[in-house]
Structure formats: C-alpha cells, structure tokens
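Working notes, beginning with the structure itself.
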Amino acid sequence: MTPRVSWLDRTAETVRTLLADMAADPNGQYEPCVYETGRLVTLAPSLPGHRQRVRFLLAEQHDDGRWGGPDEYDLVTTLSATEALLTERRRPGATPAVARAADLGVEALSRRLARPGSLPDTVAVELVVPALLSDVNAHLARLGRAPLPEPAGTRPDLVEAVRDALAEGHALPEKLWHSLELFGPSATAAASVRPERTAGGGHLVGCSPAATAAWLGDDVLADERHPGVAYLLAVQHENGGVPVAAPLSLFERSWVLSTLLDTGVPLTAPRPVLEELRRSLHAAFGDEGAAGGLGLPVDVDDTAAGLHALALLGSPRSPDCLRRFDRGDHFFCFPEERTPSTSANAHVVQALGALLALPRNSLVLDDESRAWCADALATVVRWLKENQHADGSWTDKWHASPYYATVCCAVALARHGGSAAREAVDRAVEWVLATERDGGAWGRWSVTREETAYAVRVLLVAGERSAGRGADQVATAAARGARYLLSRWSDERPHPPLWHDKDVYTPTRIIRTEILAALYAAHTDPRTAPLLADADLPVVVTGSGAA
C-alpha cells in the first residue's frame with residue numbers, strides 16, 4: 001500500500017519553497033496576457049522573439065475567433081489580438097495562418113459589437129476600447145471593408161485629446177503612463193514620461209511591457225543592447241507571451257504574506273528570506289504610500305496591503321500615508337477614479353485593524369493616530385456594509401468574480417467589524433452556501449480552484465460566529481470545498497484570468513497562496529479537521545523521508 005502523509009505535514013516545505021521563490025523573483029509570478037502581447041506584436045516587431053509572440057496569439061484564439069473570457073471579458077482581448085494580427089498580415093513574410101486568424105477575429109468583433117453589452121470594468125477600458133477599435137477600423141478601411149461600431153461607454157474624444165496633447169508636447173498624467181501604448185506615435189520618447197530602472201538594470205515605463213515598447217519605439221528596440229530590450233526579454237515567457245504588468249513585487253509579496261499570516265500559516269522560510277521580504281516591503285514605501293510595482297503610481301490598495309503585512313510581521317509602519325486617500329465615507333484608490341473598490345477598502349479595514357491591535361505604547365501610533373484609525377475603521381466598515389448586494393455578496397473593480405470581493409470584505413468585517421458587521425457577515429456566509437455547485441466547488445461561470453478557495457475561507461473565517469445556518473452545515477460545505485481543492489492540489493493547469501488590469505490576468509503565486517490558506521484553515525479548524533481525516537495526500541517514501 002502506498003504510504004500516506006497528512007496535508008499539514010507538507011505545509012512547512014510548501015511555504016518554505018513558496019517564500020524562497022518569491023524572495024528571489026523580482027517580477028512576481030504572473031501568467032502571460034493576450035492584450036499586452038498583442039500590443040508588442042504591433043509596436044515591437046524588431047524586438048527579439050517576435051515570431052514567438054505571434055505564435056502565442058495564434059495559439060490563444062478560440063474556435064469561434066474570439067480571444068479572452070466569457071461575457072464582456074472577450075472585447076479588450078479580441079480587439080488587441082485582432083489589431084495585432086491585422087498589422088502583422090501587412091508585413092513581409094506573414095503566413096496564411098495570420099490572415100485567417102485576423103479575419104476570424106474581425107468576424108468575432110462584428111458579432112460582439114452588433115449586440116448590446118456592457119464594457120468590463122478593467123483599467124482605462126473607456127480609452128482602451130476606442131483606441132484599439134480606431135486602429136482596427138483603419139485596417140478595415142484599407143481592405144475596403146465597413147467599420148465596426150463604437151460601443152456605448154467609451155471615450156474616443158479623450159483618446160484623441162490625449163494624443164493631441166502629447167503631439168503638442170504637453171505632460172501626460174502619471175496614471176496614464178501604464179497605458180501609454182494607446183496614444184499613438186507621439187508616445188515615443190514623450191518628454192514627460194520617466195523610465196524606471198529595474199533591479200536587473202533594464203528600463204521600463206509604467207510597469208508595462210506595452211507602455212515600455214511604445215515609449216522606446218521599434219527603432220530603439222532593434223538594438224539588443226538597450227536596457228529596455230533587457231526588461232522586455234526578461235518578462236517574456238517561453239511561449240512568447242508577456243504579462244500585463246511587471247514587476248509587481250510589492251503587490252505579490254504583501255498579498256502572500258498577509259494571507260498566510262492572517263490565516264495562521266507558519267512562515268517556515270529561513271530568516272534571511274523573511275528578512276529580505278520584510279525589507280523589500282519597507283523599501284516600497286515613500287511618504288505618500290506604496291505602489292504595487294515599479295513605475296506605477298501610489299495607490300491605497302497596495303499601501304493598505306503593505307501596512308497590513310508589515311503589522312502582521314511585527315514590523316509596523318505609521319498609517320499616516322493612508323490619510324491622503326480618505327474621501328470621508330470610504331478610501332479611493334486613485335484620484336478621480338471611475339468606481340470605488342470594495343476590496344481596497346476591505347484591505348484598509350485589515351490594515352487599520354492590525355495597527356489598532358498593536359500595544360498602546362507602539363511607536364507607530366500616537367494617541368491622535370490611534371483615534372483617527374478607530375474613526376476611519378468604523379467609517380469604512382459602515383461603507384462596506386452599505387455596498388453589500390442584496391444577495392449577500394460583494395463585487396469589485398479589481399476582479400471578475402464576486403467570490404473575490406466577498407472573501408475580502410467578509411474576512412475583513414469578521415476580523416475587525418465587530419458586532420456592527422455581524423449581519424453583513426452572516427449574509428455573506430448564506431450567499432456562499434446558496435451558490436455551491438455540485439461536487440463542493442464554486443465559480444462565477446464555471447468551477448475554479450481560485451474561487452473555491454475564497455468560498456472555503458468565507459465559510460471558515462466569516463462563519464466562525466455565524467448566527468445564520470447551523471455550524472454543521474457551514475463545516476460540511478467548507479470540508480467539501482477543501483476536498484475539491486485537495487483533489488486538485490497538484491493540478492498544474494493555468495488558472496483562468498479573473499483579475500483586472502488593462503485586461504484580465506492571472507497572479508499564479510497569489511492564487512496558489514489563497515488555495516494553501518484555505519486548506520490550512522480547513523485542516524486546523526476543529527469543525528472541519530475531523531471531516532478531512534481520510535483526505536490526506538498519497539506520497540512515495542524513499543529512504544528516510546517522503547518524496
């Protein structure tokens with residue numbers, strides 16, 4: 001009989017490896033993105049690896065001609081890939097496969113834009129869609145074909161205004177640097193845009209491969225010795241794709257550490273690894289807060305996540321940098337944002353709650369700061385309750401799934417919302433119980449490991465003191481979810497892209513951590529641990545230890 005070992009026996013080594021890999025990875029683990037890769041195909045044909053990038057786009061196309069996910073999540077992706085292949089078909093040596101894929105993409109866009117539908121709430125979508133659509137229509141005009149219609153909710157006027165301003169030499173707001181590829185030839189070498197230097201000596205703009213390529217221009221990218229080329233090649237995957245943003249080290253490191261620590265998972269990595277992670281979080285902060293990655297503006301989400309992680313690590317910072325994001329009833333991510341973020345405000349609750357839990361003599365909180373934290377915490381708790389949907393869930397602009405927003409909000413309220421948040425937490429638990437699919441798993445469109453992990457954590461953390469469904473029902477549902485995750489623990493298939501940037505993307509290491517945290521919670525919770533006693537993992541034993 002094959003020996004068995006408990007999943008918890010594997011946890012220490014799993015966490016040790018995860019943290020060591022993260023500390024050694026300056027970019028973070030993010031899967032390649034069709035949108036961003038399509039922009040490089042258009043903007044950077046001289047960059048080494050061009051044929052690989054074209055092959056990546058061809059391989060990612062669905063049978064019906066689309067790229068991307070279900071519902072509204074195919075529009076940006078299909079626009080970028082189609083425009084890139086329409087550009088590529090005009091270049092010498094273009095293959096018939098490129099022409100076929102481009103034509104299929106145009107047909108898919110024609111069907112998509114002929115029916116009413118909302119835009120995804122992704123970054124700068126009101127600019128991305130009209131910018132790409134105007135380029136696609138320019139290709140169609142050259143082919144003597146009718147233009148595609150403009151969907152509602154876009155801002156082609158703003159795209160043109162930014163392009164005109166750049167052409168006239170005006171400065172571009174920093175928050176638009178991440179989307180610099182949208183603004184045409186005048187984006188190349190725009191004087192107001194400042195490149196950043198990576199740890200490896202590369203040059204990047206706006207934490208974005210596409211923005212970097214747009215700023216440098218293809219003539220510069222033909223020089224393989226240029227530091228911008230070094231950056232772009234460093235972030236390209238073996239399959240030719242590039243991520244939608246890189247490096248995103250603070251975002252990844254603060255998320256992973258706070259999730260593990262909040263769930264009680266022991267940080268089993270060697271002290272030098274933990275010290276490097278702690279040091280890097282502090283180094284990411286300035287007077288105004290922290291940004292998720294190099295070349296991005298400071299935002300409240302990453303500032304709060306970093307503060308939360310550092311407080312849990314026992315190395316807290318002052319919360320004063322959060323004050324500039326305080327809008328009175330909630331915290332904004334960026335000035336003049338289109339929609340506020342529930343998950344970012346949940347992270348503010350977690351950061352404030354963790355800081356208020358510090359001893360009264362803590363050097364990072366004087367009496368005035370402590371009073372402000374307490375008032376702000378109560379205000380944001382109230383705002384999160386007001387923004388809960390009638391069914392008990394939350395949704396958010398940083399993710400396509402309501403399970404993401406619900407785990408962020410429900411866990412934050414369960415930990416730090418007190419009795420005022422109890423009803424909202426109970427309603428979240430009820431919603432998770434009501435939306436379980438056959439087989440003990442969860443998902444917006446179809447079952448996913450990521451969304452199932454969020455559901456398990458809602459049930460176990462938010463359901464600890466639930467006054468709704470009975471404890472047995474909560475525990476058995478959580479155990480079913482944990483069994484589902486255990487059965488797929490070794491599944492190496494990519495997670496579907498659900499996280500929002502200019503397009504949807506997949507932060508693999510973060511998702512792996514969420515699954516790890518959910519399983520750890522289930523194996524250590526007295527309500528669910530007995531239900532998982534026979535669900536341990538088979539292992540092969542060699543010599544004196546388990547392989």
Side-chain angles (χ1 to χ4, degrees), residues 19 22-23 25-30 123 173-175 177-178 194 196-199 204-208 244-262 274-327 330-335 337 340-341 343-355 358 363-365 369 372-373 376 380 397-398 408 412 499-501 507 509-510 513:
L19 295 179
M22 185 169 68
D25 181 0
N27 292 322
Q29 190 176 18
Y30 301 91
V123 172
E174 185 179 359
K175 72 175 185 176
W177 295 2
H178 185 56
R194 299 186 305 274
E196 299 278 357
R197 182 178 291 273
T198 69
L204 66 88
V205 169
C207 201
S208 162
V244 73
L248 287 172
S249 55
L250 174 77
F251 170 51
E252 181 181 76
R253 292 176 180 195
S254 59
W255 193 290
V256 167
L257 289 167
S258 59
T259 298
L260 293 176
L261 289 165
D262 185 72
L274 296 178
E275 177 56 26
E276 163 58 21
L277 293 172
R278 185 199 65 80
R279 182 206 61 77
S280 70
L281 294 188
H282 277 294
F285 275 81
D287 291 342
E288 295 186 339
L294 190 62
L296 290 175
V298 168
D299 69 280
V300 79
D301 202 7
D302 291 293
T303 298
L307 290 173
H308 184 215
L310 286 167
L312 295 180
L313 281 169
S315 184
R317 294 182 66 90
S318 167
D320 286 348
C321 55
L322 285 175
R323 298 189 188 215
R324 64 186 293 261
F325 302 99
D326 189 352
R327 185 158 280 168
H330 72 283
F331 285 69
F332 60 84
C333 292
F334 305 103
E337 65 183 353
S341 167
S343 69
N345 279 273
H347 295 146
V348 170
V349 167
Q350 289 181 299
L352 295 174
L355 288 165
L358 296 173
L363 296 179
V364 301
L365 279 186
S369 291
W372 177 81
C373 285
V380 180
K397 70 177 184 178
W398 294 122
C408 292
W499 296 60
H500 285 184
D501 197 294
R509 188 173 284 129
I510 288 175
T513 299

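In this chain, numbering begins with 1 at the start of the sequence shown. Hydrogens, waters and symmetry mates play no part in the numbers below; they use all other heavy atoms, side chains included. Since the model is a prediction, treat every value here as computed from it, not as a measurement.
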(Q) Return the CG to CG distance between Leu310 and Leu261, rounded to the nearest 0.5 Å. (A) 10.5 Å
Q. Atom CG of Leu260 and atom CG of Leu312: how far apart are they, to the nearest 0.5 Å?
A. 10.5 Å
Q) Should Cys333 and Lys397 count as side-chain neighbours, where that means a heavy-atom distance under 4.5 Å? A) yes
Q) Side chains of Leu257 and Leu281: does their closest heavy-atom pair fall under 4.5 Å? A) yes
Q. Ala23: what forms a side chain to side chain contact (heavy atoms under 4.5 Å, CB included) with it, not counting sequence neighbours?
A. Val273, Glu276, Leu277
Q) Is the side chain of Tyr30 donor-acceptor paired with the backbone N or O of Leu248 at a distance under 3.5 Å, no angle test? A) yes
Q | Test item: Pro316 and Leu358 side chains (from C-beta on) under 4.5 Å apart, heavy atoms | A | yes
Q: Report the residues that fulfil ring-ring contact (aromatic ring centres under 6.0 Å, His included) with His347, sequence neighbours left out, ordered by chain and then residue number.
A: Trp255
Q) What's the shortest heavy-atom distance between Leu204 and Pro247, and which atoms? A) CD2-CD, 3.5 Å
**Q.** Note, Val348 side chain near Leu352 side chain (heavy atom, < 4.5 Å)
**A.** yes
Q: Applying side chain to side chain contact (heavy atoms under 4.5 Å, CB included), name anything that partners Leu365, two or more places apart in sequence or on another chain.
A: Pro319, Leu355, Ser369, Arg370, Cys373
Q | Criterion side chain to side chain contact (heavy atoms under 4.5 Å, CB included) on Phe251 and Leu296, from CA distance to verdict | A | CA-CA 11 Å; Phe251 170 51; Leu296 290 175; over 6 Å; no
Q.
Could you check whether any side-chain heavy atom of Phe285 comes within less than 4.5 Å of a side-chain heavy atom of Leu307, counting everything from C-beta outward?
A. yes
Q: Please report the closest heavy-atom contact between Ser258 and Ser254, naming both atoms and the distance.
A: OG-O, 2.7 Å
Q. How close do Pro335 and Lys175 get, heavy atom to heavy atom, and via which atoms?
A. O-NZ, 3.6 Å
Q. Which heavy atom in Ala346 sits nearest to a heavy atom in Ala412, and how many Å separate them?
A. O-CB, 3.5 Å
Q.
Within the structure provided, determine whether Trp372 and Leu322 are in side-chain contact (heavy-atom separation under 4.5 Å).
A. yes
Q) Between Ala245 and His178, what is the shortest heavy-atom contact and its length? A) CB-CE1, 3.9 Å
Q: Nearest 0.5 Å please: distance from the OG atom of Ser341 over to the CH2 atom of Trp398.
A: 7.0 Å
Q. Does a side-chain heavy-atom distance below 4.5 Å link Val256 with Met22?
A. yes
Q. Distance from Arg327 atom CZ to Glu337 atom CD, nearest 0.5 Å?
A. 6.0 Å
Q) What residues, two or more places apart in sequence or in another chain, satisfy side-chain hydrogen bond (donor to acceptor under 3.5 Å, both in side chains) together with Trp499? A) His399, Glu450
Q: Check whether any side-chain heavy atom of Val300 sits under 4.5 Å from a side-chain heavy atom of Asn345, and report yes or no.
A: no
Q. Of the non-hydrogen atoms in Arg197 and Leu294, which two are nearest, and what is the gap between them?
A. O-CD2, 3.4 Å
Q) Is a side-chain donor or acceptor of His282 paired with a backbone partner of Ser315 at a separation under 3.5 angstrom? A) yes
Q.
Applying side chain to side chain contact (heavy atoms under 4.5 Å, CB included) to Arg324 and Val298, what does each step give before you reach the verdict?
A. CA-CA 11 Å; Arg324 64 186 293 261; Val298 168; 3.8 Å; yes
Q) What pairs meet the salt bridge (charged side-chain N to carboxylate O under 4.0 Å, His left out) rule with one or both residues in residues 296-322, with sequence neighbours excluded? A) Asp320-Arg323
Q | Qualifying ring pair (Phe, Tyr, Trp, His ring centres under 6.0 Å) pairs, either residue in residues 296-325, two or more places apart | A | Phe325-Phe332
(Q) Please check this pair: side chain of Glu252 against backbone of Gln29, looking for a donor-acceptor N/O pair closer than 3.5 Å. (A) yes
